[in-house]
Number of protein chains: 2
Amino acid sequence: MTTISDVAVHAGVSVMTVSRYFNDPTKLAAATFERVKLAVDELGYVPNATARSLIRGRSDTIALVVADIRHPFFIAIARGVEDVAQAAKYVLFLGNSHETLARERQYLETVISRRVDGVILAPTHGKRHNLEVLRQRGVPTVLIDRRLPDYDLDVVRGDTFTGGRILTEHLLAEGYRDIAFVGGTPGVSSLVDRLGGYERAMAAAGLAPRSMLGRYDQASGEKLVGAMVAAARRGEASLPDALIAANNMVALGALLALRRHGIRVPEDMAVAGFDDFDIASQLDPFLTVVRQPAYEIGREAMQLLLRRFEDADRPTEERVLPVELVVRRSTRRAP
Amino acid sequence: MTTISDVAVHAGVSVMTVSRYFNDPTKLAAATFERVKLAVDELGYVPNATARSLIRGRSDTIALVVADIRHPFFIAIARGVEDVAQAAKYVLFLGNSHETLARERQYLETVISRRVDGVILAPTHGKRHNLEVLRQRGVPTVLIDRRLPDYDLDVVRGDTFTGGRILTEHLLAEGYRDIAFVGGTPGVSSLVDRLGGYERAMAAAGLAPRSMLGRYDQASGEKLVGAMVAAARRGEASLPDALIAANNMVALGALLALRRHGIRVPEDMAVAGFDDFDIASQLDPFLTVVRQPAYEIGREAMQLLLRRFEDADRPTEERVLPVELVVRRSTRRAP
DNA sequence: ATGAAAGCGCTAACAT
DNA sequence: ATGTTAGCGCTTTCAT
């Protein structure tokens, strides 16, 4: 591989001159500049960023760690992060924690060893979470989608407490009374919040909440709703008249399970969820949702990280972006 | 930041002993191993992969460059690549060329300078494409989705020529005769192939093909179909009775444009596309498509790259994965 | 089983 | 405006 000294020899200058060609060309005489340029082009030289970052102590690289790469919500966030990162000349490592502490930790150690300048993380829930690793190494970190107690970090997330509340209030206003909450990973702050908003609204209406938690994915939605229907058919419990799914993947699973059991939406049961479907909702606007500005969450997270690079001591910020209720057919009784 | 010599001092050994602790622990005496382990834990030491890769000449890092990160097809590919990469202990850089040669080139140079061990690329079309940069530096490269003439590289792609043919044959069998092809970036091999399959089938049926090309995205589908309808309304051209969209984003745009103009699908016009929708098709299986195994394309691409790391001289492979026709309501005349 | 010396490719700091 | 020296944190090679 061509190195800086190959170029220096080829151009008949010192390595520092070649280094300056890339880092501060204005310091070179016009003639020298041209000679170096020629040598660089002829040899097809690309500087070794590895060597540069070893000495500079920074890599112009950041890592994005999401919980589930299949989830449209995180994909939109990734787009937001990537757009801002690319504009600021940062390259992006993308990793998937699969909502698992062990995987998350392994991934974080990998990117720390690669000396990323910062991390944007949707933290997995658990007793001993992995933030300690990042804090100990002093890696600038921005949390997305999820708060974490005990860590004074920048956070960007949607206001899903309000989301849970207004979604429930909408269902109440439509006349639903037995409203159940389904899916989501217990303990994760985004779930705690939206569940909390739901419970608050139910309490305000003098109604009892009921929830079935699990995970944040489609399979969980299918399983929980399938079990719920089976229990009702055995006469063990009543079927609710409305369902709030913890996110859109859970909503999808729930809708499929209900369809399989011949329960019509919204005629027999209303269904609502969190996060919108980008394509399905354009093709057939059916599901009522609380929409979070996912792309914006990604953008703001990266912007916050850049700002922290500039000033490590600035006070941390928690940006809670507003959500939006989008009412569609799935929660409307009358046609 | 803690370095290897900090650990060495703390443990009372040489730096080489600490290095061996990480790279070949069997060479250490049990007692020495424990002392190093203690020092590593106490100091929270994580080896600097940057320094290691400088000397080793490899980084255990690969780059995935896709044309459009909004496209579900590329997202599924990314998942496949990531799953195999993670299992093989590689970290993934993710980049977006926006179907632009300049962006692609800039991104490739960035990751080359970071000394990625390999690149998986959906190459942007253009006269002077950027593969030369990779070849000159000897970076192992696997192409996805798109062939490139003049470059003897591993390729993994779907058999979209056959896809174009069977999709057209399906429409012909349903009785459609005036079938138009819409969208897609001219010159890109995936488009050339699916358009070729369409034209072959039309010719075999003794029918004239008609196509309107543009880009591979939703906006292009909307614009082209909007213009087509406007021209028909001005009496400048007839409306086709069936439409083949170059991919699913184009199909989405086409469907929205048709809806806006009050043209019903499939009653007034049939619509079919390439690539399936993951969520929309589960919620409401409407659009007839040729489905490509996107996740598998990603997996195989990464596997091919790993194999090339092991043996740089093995002959290149072109893996053409079979596609599948999924017939749904959008191309069925009778209810 | 452990260590000392050299150097990967580059840049910061100091010459000239 | 250009060059020299030292060293970033690690591993390779060659001792012991």
Side-chain angles (χ1 to χ4, degrees), chain A residues 1-37 39-40 43-61 109-117 137-139, chain B residues 1-37 39-40 43-61 109-117 137-139:
Chain A
M1 276 252 158
T2 323
T3 72
I4 195 172
S5 57
D6 296 335
V7 178
V9 170
H10 199 87
V13 296
S14 78
V15 292
M16 265 319 294
T17 302
V18 181
S19 176
R20 286 191 186 101
Y21 171 84
F22 285 101
N23 296 306
D24 194 358
T26 61
K27 298 220 164 170
L28 295 190
T32 317
F33 181 90
E34 287 307 323
R35 286 170 64 197
V36 176
K37 182 174 167 42
V40 166
L43 298 175
Y45 171 69
V46 180
N48 186 331
T50 294
R52 178 192 272 143
S53 71
L54 181 58
I55 185 164
R56 283 214 193 145
R58 46 175 295 195
S59 59
D60 298 325
T61 300
E109 296 205 331
T110 310
V111 295
I112 288 172
S113 80
R114 280 167 177 77
R115 294 301 186 268
V116 293
D117 295 336
R137 311 282 315 185
V139 182
Chain B
M1 277 250 158
T2 323
T3 72
I4 196 172
S5 57
D6 296 335
V7 179
V9 170
H10 199 86
V13 297
S14 77
V15 293
M16 265 320 295
T17 302
V18 181
S19 175
R20 287 192 185 99
Y21 170 84
F22 285 101
N23 297 306
D24 194 358
T26 61
K27 298 222 162 160
L28 295 190
T32 316
F33 180 91
E34 288 305 326
R35 286 170 63 197
V36 176
K37 182 174 167 41
V40 166
L43 298 176
Y45 171 69
V46 180
N48 185 331
T50 294
R52 178 191 270 142
S53 71
L54 181 59
I55 187 163
R56 284 215 192 143
R58 45 174 296 195
S59 58
D60 297 325
T61 299
E109 296 206 330
T110 309
V111 295
I112 288 172
S113 80
R114 280 168 178 77
R115 295 299 186 267
V116 293
D117 295 337
R137 311 281 316 183
V139 182

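Reckoned from all heavy atoms, side chains included, excluding hydrogens, waters and symmetry mates. Chain A is the first sequence line, chain B the second, and so forth, proteins listed ahead of strands; every chain is numbered from 1.
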Can you measure [X] atom [atom1] to [N] atom [atom2] for me and round it to whole angstrom units?
X      : N      : atom1 : atom2 : value
A/R58  : D/dG9  : CZ    : P     : 16 Å
A/R115 : D/dG9  : CZ    : C1'   : 9 Å
A/M16  : D/dG7  : CE    : P     : 16 Å
B/N23  : C/dT2  : CG    : P     : 15 Å
B/D24  : D/dC10 : CG    : C1'   : 16 Å
A/D6   : C/dC8  : CG    : P     : 11 Å
B/R52  : D/dC8  : CZ    : P     : 19 Å
A/I4   : C/dG7  : CD1   : P     : 18 Å

Of the non-hydrogen atoms in [X] and [Y], which two are nearest, and what is the gap between them?
X      : Y      : result
B/S113 : A/P47  : CB-O, 3.1 Å
B/D60  : B/D117 : N-OD2, 2.6 Å
A/A11  : A/A39  : CB-CB, 3.7 Å
A/L54  : B/A51  : CD1-CB, 3.8 Å
B/V7   : B/V18  : CG1-CG1, 3.8 Å

Return no unless some side-chain N or O of [X] is found under 4.0 Å from OP1 or OP2 of [N].
X     : N     : value
A/T32 : D/dT2 : yes
A/S53 : D/dC8 : no
A/Y21 : D/dT2 : no

The side chain of [X] is closest to which nucleotide in this list: [options]?
X     : options               : result
A/R56 : C/dT11, C/dG9, D/dT11 : C/dT11
A/A51 : C/dA4, D/dT11, C/dG9  : C/dG9
B/I55 : D/dG7, D/dA1, D/dT11  : D/dT11
A/N48 : C/dG9, C/dT2, C/dT11  : C/dG9

Taking only nitrogen or oxygen atoms into account, show me every contact under 3.5 Å that the protein makes with nucleotides 14-16 of chain C, one pair per line with its distance.
none

Base, sugar-phosphate alone, or nothing: which one does A/F22 contact when heavy atoms must sit under 4.0 Å apart?
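The answer is nothing, as A/F22 stays clear of every strand by at least 4.0 Å.
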Could you tell me whether B/Y45 contacts a base, only the sugar-phosphate backbone, or nothing, with contacts defined as non-hydrogen atoms closer than 4.0 Å?
sugar-phosphate
Less than 4.5 Å apart, any side-chain heavy atom of A/E109 and any of A/R137?
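No. Closest side-chain heavy atoms not under 4.5 Å.
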For B/T17 and B/L54, take the nucleotide of DNA chain C holding the closest heavy atom to each; which residue's nucleotide lies nearer the 5' end?
B/T17
In terms of the nearest nucleotide of DNA chain C, which residue is placed more toward the 5' end: A/T3 or B/G12?
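With A/T3 and B/G12 compared, the 5'-side residue is B/G12.
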Are the aromatic rings of B/F22 and B/Y45 close, with centres under 6.0 Å apart?
yes
Report yes or no: do B/R114 and A/T61 form a side-chain donor-acceptor pair below 3.5 Å?
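The criterion, which ignores hydrogens and geometry beyond distance, is satisfied for A/T61 and B/R114.
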Which residue lies more 5' along DNA chain D, comparing A/L28 with B/T2 via nearest heavy atoms:
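Upstream on the strand: A/L28.
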